[in-house]
Amino acid sequence: MTDTLQSKNLCQLILALDIEEKADALALLKQTGPELQWVKIGLQMFTKYGPDYVRQVADLGKDIFLDLKLHDIPNTVAKAVESLASLPIKMLTIHTCGGQEMMRWAVKAQQNAKPDLQLLGVTVLTSMDRNSLDQLAIQQSLAKRVDLLAALAQEAGMNGLVCSPHEVVNLRQAFASHFTLVTPGVRPTGSAAGDQKRIMTPAQAREVGSDYIVVGRPIYKADDPAAAVAAINEELRAKS
Ligand code: C5P
(Lines give C-alpha, C1' and ligand atoms only; values in the text may rest on other atoms or scores of the structure.)
Protein backbone atom coordinates (compact mmCIF):
# COMPACT_ATOMS: atom_id res chain seq x y z
CA MET A 1 0.00 0.00 0.00
CA THR A 2 1.41 3.42 -0.86
CA ASP A 3 1.67 6.19 1.71
CA THR A 4 -1.07 8.09 -0.06
CA LEU A 5 -3.53 5.20 0.05
CA GLN A 6 -2.68 4.50 3.65
CA SER A 7 -3.32 8.11 4.61
CA LYS A 8 -6.55 8.19 2.62
CA ASN A 9 -8.12 5.67 4.98
CA LEU A 10 -7.01 7.54 8.07
CA CYS A 11 -7.75 11.16 7.25
CA GLN A 12 -9.57 12.70 10.22
CA LEU A 13 -11.33 16.00 10.81
CA ILE A 14 -10.03 18.50 13.37
CA LEU A 15 -12.36 21.37 14.26
CA ALA A 16 -10.54 24.70 14.66
CA LEU A 17 -12.73 26.25 17.33
CA ASP A 18 -11.65 29.89 17.07
CA ILE A 19 -14.69 31.51 18.67
CA GLU A 20 -15.27 34.19 21.30
CA GLU A 21 -17.02 32.53 24.20
CA LYS A 22 -16.12 29.38 26.09
CA ALA A 23 -19.77 28.60 26.85
CA ASP A 24 -20.59 28.68 23.12
CA ALA A 25 -17.58 26.50 22.32
CA LEU A 26 -18.49 23.86 24.91
CA ALA A 27 -22.14 23.91 23.79
CA LEU A 28 -21.09 23.41 20.18
CA LEU A 29 -18.85 20.49 21.16
CA LYS A 30 -21.69 18.84 23.05
CA GLN A 31 -23.93 19.35 20.04
CA THR A 32 -21.51 17.74 17.56
CA GLY A 33 -21.04 14.70 19.84
CA PRO A 34 -18.93 11.67 18.91
CA GLU A 35 -18.93 12.56 15.17
CA LEU A 36 -16.17 14.98 16.12
CA GLN A 37 -13.11 13.55 17.87
CA TRP A 38 -10.47 16.25 17.40
CA VAL A 39 -10.53 19.89 18.45
CA LYS A 40 -7.88 22.48 17.72
CA ILE A 41 -7.51 25.10 20.42
CA GLY A 42 -5.70 28.14 19.09
CA LEU A 43 -4.32 31.38 20.39
CA GLN A 44 -7.68 33.12 20.63
CA MET A 45 -9.25 30.72 23.13
CA PHE A 46 -6.05 29.74 24.93
CA THR A 47 -5.06 33.33 25.64
CA LYS A 48 -8.56 34.09 26.93
CA TYR A 49 -9.40 30.95 28.92
CA GLY A 50 -6.07 29.21 29.51
CA PRO A 51 -5.28 25.64 30.60
CA ASP A 52 -8.64 25.14 32.37
CA TYR A 53 -10.42 25.40 29.04
CA VAL A 54 -8.11 22.74 27.59
CA ARG A 55 -9.03 20.41 30.47
CA GLN A 56 -12.73 21.11 30.01
CA VAL A 57 -12.58 20.18 26.32
CA ALA A 58 -10.61 17.03 27.18
CA ASP A 59 -13.27 16.14 29.79
CA LEU A 60 -15.76 15.99 26.91
CA GLY A 61 -13.69 13.13 25.49
CA LYS A 62 -12.05 15.14 22.73
CA ASP A 63 -8.48 14.82 21.51
CA ILE A 64 -6.75 18.18 21.60
CA PHE A 65 -4.45 19.84 19.12
CA LEU A 66 -3.02 22.91 20.87
CA ASP A 67 -2.05 25.32 18.11
CA LEU A 68 0.12 27.91 19.83
CA LYS A 69 2.74 28.13 17.04
CA LEU A 70 5.59 28.60 19.51
CA HIS A 71 8.47 30.73 18.22
CA ASP A 72 11.13 32.09 20.58
CA ILE A 73 14.70 31.36 21.68
CA PRO A 74 15.38 27.61 22.21
CA ASN A 75 15.34 27.71 26.02
CA THR A 76 12.06 29.61 26.19
CA VAL A 77 10.34 27.27 23.73
CA ALA A 78 11.65 24.18 25.53
CA LYS A 79 10.35 25.50 28.87
CA ALA A 80 6.97 26.26 27.30
CA VAL A 81 6.79 22.70 25.92
CA GLU A 82 7.65 21.39 29.39
CA SER A 83 4.85 23.43 30.98
CA LEU A 84 2.30 22.50 28.32
CA ALA A 85 3.16 18.80 28.67
CA SER A 86 1.12 18.70 31.89
CA LEU A 87 -2.04 19.39 29.86
CA PRO A 88 -4.19 16.68 28.20
CA ILE A 89 -3.02 17.56 24.68
CA LYS A 90 -1.99 15.27 21.82
CA MET A 91 -0.54 17.73 19.31
CA LEU A 92 1.32 21.03 19.70
CA THR A 93 2.67 23.40 17.04
CA ILE A 94 6.08 25.07 16.75
CA HIS A 95 7.06 27.59 14.03
CA THR A 96 9.80 25.94 11.95
CA CYS A 97 11.19 29.35 10.99
CA GLY A 98 12.36 29.62 14.61
CA GLY A 99 15.25 27.45 13.42
CA GLN A 100 16.55 23.94 13.90
CA GLU A 101 18.16 24.50 17.29
CA MET A 102 14.89 25.80 18.66
CA MET A 103 13.09 22.71 17.31
CA ARG A 104 15.73 20.34 18.75
CA TRP A 105 15.31 21.87 22.20
CA ALA A 106 11.53 21.55 21.87
CA VAL A 107 11.84 17.87 20.88
CA LYS A 108 14.15 17.17 23.81
CA ALA A 109 11.65 18.74 26.22
CA GLN A 110 8.78 16.76 24.67
CA GLN A 111 10.71 13.49 24.90
CA ASN A 112 11.47 14.05 28.56
CA ALA A 113 8.06 15.31 29.58
CA LYS A 114 5.47 13.71 27.27
CA PRO A 115 6.83 11.35 24.59
CA ASP A 116 3.37 10.63 23.11
CA LEU A 117 2.78 14.34 22.37
CA GLN A 118 3.15 15.06 18.65
CA LEU A 119 5.20 18.16 17.90
CA LEU A 120 4.15 19.62 14.58
CA GLY A 121 6.07 22.23 12.64
CA VAL A 122 4.34 25.13 10.92
CA THR A 123 6.07 26.00 7.65
CA VAL A 124 4.43 28.76 5.59
CA LEU A 125 0.98 29.83 6.80
CA THR A 126 -1.77 28.88 4.36
CA SER A 127 -2.90 32.53 4.37
CA MET A 128 0.40 33.51 2.73
CA ASP A 129 1.10 33.59 -0.99
CA ARG A 130 3.86 34.84 -3.32
CA ASN A 131 2.95 38.43 -2.63
CA SER A 132 3.22 37.93 1.15
CA LEU A 133 6.68 36.36 0.75
CA ASP A 134 7.76 39.26 -1.49
CA GLN A 135 6.77 41.68 1.26
CA LEU A 136 9.15 39.83 3.60
CA ALA A 137 11.91 39.94 0.94
CA ILE A 138 11.89 36.14 0.70
CA GLN A 139 12.93 35.37 -2.84
CA GLN A 140 12.78 31.59 -2.57
CA SER A 141 9.72 29.98 -4.19
CA LEU A 142 6.97 29.06 -1.77
CA ALA A 143 7.48 25.36 -2.52
CA LYS A 144 11.24 25.55 -1.90
CA ARG A 145 10.69 27.43 1.32
CA VAL A 146 8.28 24.76 2.58
CA ASP A 147 10.71 21.97 1.57
CA LEU A 148 13.58 23.64 3.38
CA LEU A 149 11.63 24.24 6.60
CA ALA A 150 10.15 20.72 6.45
CA ALA A 151 13.59 19.14 6.11
CA LEU A 152 14.87 21.13 9.09
CA ALA A 153 11.86 19.98 11.12
CA GLN A 154 12.37 16.33 10.29
CA GLU A 155 16.10 16.46 11.04
CA ALA A 156 15.27 18.06 14.38
CA GLY A 157 13.05 15.10 15.28
CA MET A 158 9.66 16.77 14.96
CA ASN A 159 6.70 14.40 14.43
CA GLY A 160 5.11 16.11 11.48
CA LEU A 161 3.98 19.32 9.87
CA VAL A 162 1.08 21.63 9.46
CA CYS A 163 1.00 22.53 5.79
CA SER A 164 -1.18 23.43 2.86
CA PRO A 165 -2.89 20.44 1.22
CA HIS A 166 -1.14 21.60 -1.97
CA GLU A 167 2.19 20.66 -0.39
CA VAL A 168 1.24 17.16 0.74
CA VAL A 169 2.17 15.19 -2.39
CA ASN A 170 5.72 16.58 -2.43
CA LEU A 171 6.16 16.20 1.32
CA ARG A 172 4.88 12.60 1.25
CA GLN A 173 7.49 11.77 -1.35
CA ALA A 174 10.23 13.43 0.66
CA PHE A 175 9.35 12.08 4.12
CA ALA A 176 8.47 8.77 5.72
CA SER A 177 4.82 7.76 6.11
CA HIS A 178 4.97 8.19 9.89
CA PHE A 179 5.54 11.95 9.42
CA THR A 180 2.11 13.35 10.31
CA LEU A 181 0.70 15.87 7.83
CA VAL A 182 -2.06 18.15 9.10
CA THR A 183 -3.70 20.48 6.61
CA PRO A 184 -5.74 23.62 7.24
CA GLY A 185 -6.86 25.63 4.22
CA VAL A 186 -9.67 23.14 3.61
CA ARG A 187 -13.08 24.25 2.43
CA PRO A 188 -16.11 22.04 1.77
CA THR A 189 -17.54 22.74 -1.69
CA GLY A 190 -19.63 25.91 -1.67
CA SER A 191 -18.24 27.47 1.51
CA ALA A 192 -16.41 30.81 1.65
CA ALA A 193 -12.60 30.79 1.42
CA GLY A 194 -12.26 33.77 3.80
CA ASP A 195 -8.58 34.71 4.17
CA GLN A 196 -7.33 31.23 3.12
CA LYS A 197 -5.59 31.41 -0.25
CA ARG A 198 -4.43 27.88 -1.10
CA ILE A 199 -7.47 25.72 -0.45
CA MET A 200 -8.75 22.20 -1.25
CA THR A 201 -11.97 20.34 -0.45
CA PRO A 202 -11.89 17.63 2.27
CA ALA A 203 -12.04 14.87 -0.36
CA GLN A 204 -9.16 16.40 -2.31
CA ALA A 205 -7.08 16.78 0.85
CA ARG A 206 -7.67 13.12 1.75
CA GLU A 207 -6.89 12.12 -1.82
CA VAL A 208 -3.48 13.81 -1.79
CA GLY A 209 -2.60 12.15 1.53
CA SER A 210 -3.38 14.47 4.45
CA ASP A 211 -3.58 12.61 7.77
CA TYR A 212 -5.81 15.26 9.32
CA ILE A 213 -7.72 18.22 7.92
CA VAL A 214 -8.38 21.34 9.97
CA VAL A 215 -11.66 23.15 9.33
CA GLY A 216 -12.93 26.09 11.35
CA ARG A 217 -15.35 28.70 10.04
CA PRO A 218 -17.30 26.41 7.67
CA ILE A 219 -18.31 24.43 10.78
CA TYR A 220 -18.66 26.89 13.65
CA LYS A 221 -20.34 29.53 11.47
CA ALA A 222 -22.75 27.03 9.91
CA ASP A 223 -26.45 27.22 10.81
CA ASP A 224 -26.16 23.57 11.83
CA PRO A 225 -22.55 22.81 12.92
CA ALA A 226 -23.39 19.15 13.67
CA ALA A 227 -24.65 18.69 10.11
CA ALA A 228 -21.53 20.44 8.73
CA VAL A 229 -19.31 18.01 10.71
CA ALA A 230 -21.33 15.03 9.50
CA ALA A 231 -21.13 16.20 5.87
CA ILE A 232 -17.34 16.63 6.05
CA ASN A 233 -16.91 13.22 7.69
CA GLU A 234 -19.04 11.69 4.95
CA GLU A 235 -16.85 13.35 2.32
CA LEU A 236 -13.74 12.00 4.07
CA ARG A 237 -15.16 8.46 4.19
CA ALA A 238 -16.63 8.41 0.68
CA LYS A 239 -14.93 6.23 -1.92
CA SER A 240 -13.18 8.31 -4.56
O1 C5P B 1 -11.59 28.94 9.78
P2 C5P B 1 -10.49 28.20 9.06
O3 C5P B 1 -10.94 26.85 8.51
O4 C5P B 1 -9.80 29.04 7.99
O5 C5P B 1 -9.41 27.89 10.19
C6 C5P B 1 -8.14 27.37 9.90
C7 C5P B 1 -7.37 27.21 11.18
O8 C5P B 1 -6.09 26.63 10.89
C9 C5P B 1 -7.10 28.49 11.93
O10 C5P B 1 -7.20 28.19 13.31
C11 C5P B 1 -5.67 28.87 11.56
O12 C5P B 1 -5.02 29.55 12.60
C13 C5P B 1 -5.04 27.48 11.37
N14 C5P B 1 -3.86 27.41 10.51
C15 C5P B 1 -3.85 27.83 9.20
N16 C5P B 1 -2.71 27.73 8.45
C17 C5P B 1 -1.60 27.20 8.98
C18 C5P B 1 -1.59 26.77 10.31
C19 C5P B 1 -2.76 26.88 11.04
O20 C5P B 1 -4.88 28.28 8.70
N21 C5P B 1 -0.52 27.05 8.22
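Both counts, for ligands and for their atoms, begin at 1 and track the order of listing.
The ligand atoms of ligand 1 that sit less than 4.0 angstrom from a heavy atom of R217 are 1 (O), 2 (P), 3 (O), 4 (O). Residue V162 approaches ligand 1 through these ligand atoms, each under 4.0 Å from one of its heavy atoms: 18 (C). Applying the 4.0 Å criterion to heavy atoms of V215 picks out, from ligand 1, the atoms 3 (O). Those atoms of ligand 1 that come under 4.0 Å of a heavy atom in K69, given as number and element, are 12 (O), 14 (N), 18 (C), 19 (C). Annotation for ligand 1: atoms under 4.0 Å from non-hydrogen atoms of L125 are 17 (C), 21 (N).
Applying the 6.0 Å contact sphere to NZ of K22 captures more than 12 heavy atoms from other residues, nucleotides or ligands.
Considering backbone and side-chain N/O of D67, none are found under 3.5 Å from N/O of ligand 1. Between Y220 and ligand 1, not a single N/O pair is under 3.5 Å apart. Polar contact check, G216 against ligand 1: a nitrogen or oxygen pair lies under 3.5 Å apart.
Side chains of Q12 and Q37: a donor-acceptor N/O pair is absent below 3.5 angstrom, by distance only. Between the side chains of Y49 and Q44, not a single donor N or O lies within less than 3.5 Å of an accepting N or O.
Under 4.0 angstrom from ligand 1, the non-hydrogen atoms of D18 all belong to its side chain.
Closest heavy-atom approach to atom 14 (N) of ligand 1 among the candidates A16, G42, P184: P184.
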Assess the residue pair D52 and R55 against the criterion (salt bridge (Lys or Arg N to Asp or Glu O under 4.0 Å)); give the C-alpha distance rounded to whole Å, side-chain angles, the decisive distance to 0.1 Å, and a yes or no.
CA-CA 5 Å; D52 278 349; R55 292 187 196 100; 2.9 Å; yes
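Under the 4.0 Å criterion applied to side-chain N and carboxylate O atoms, K221 and D18 are not assigned as salt-bridge partners.
With T32 contributing its side chain and A226 its backbone, the two residues share no donor-acceptor pair below 3.5 Å.
Pairing each heavy atom of V77 with each of D72, the nearest pair is CG2-N, 3.4 Å.
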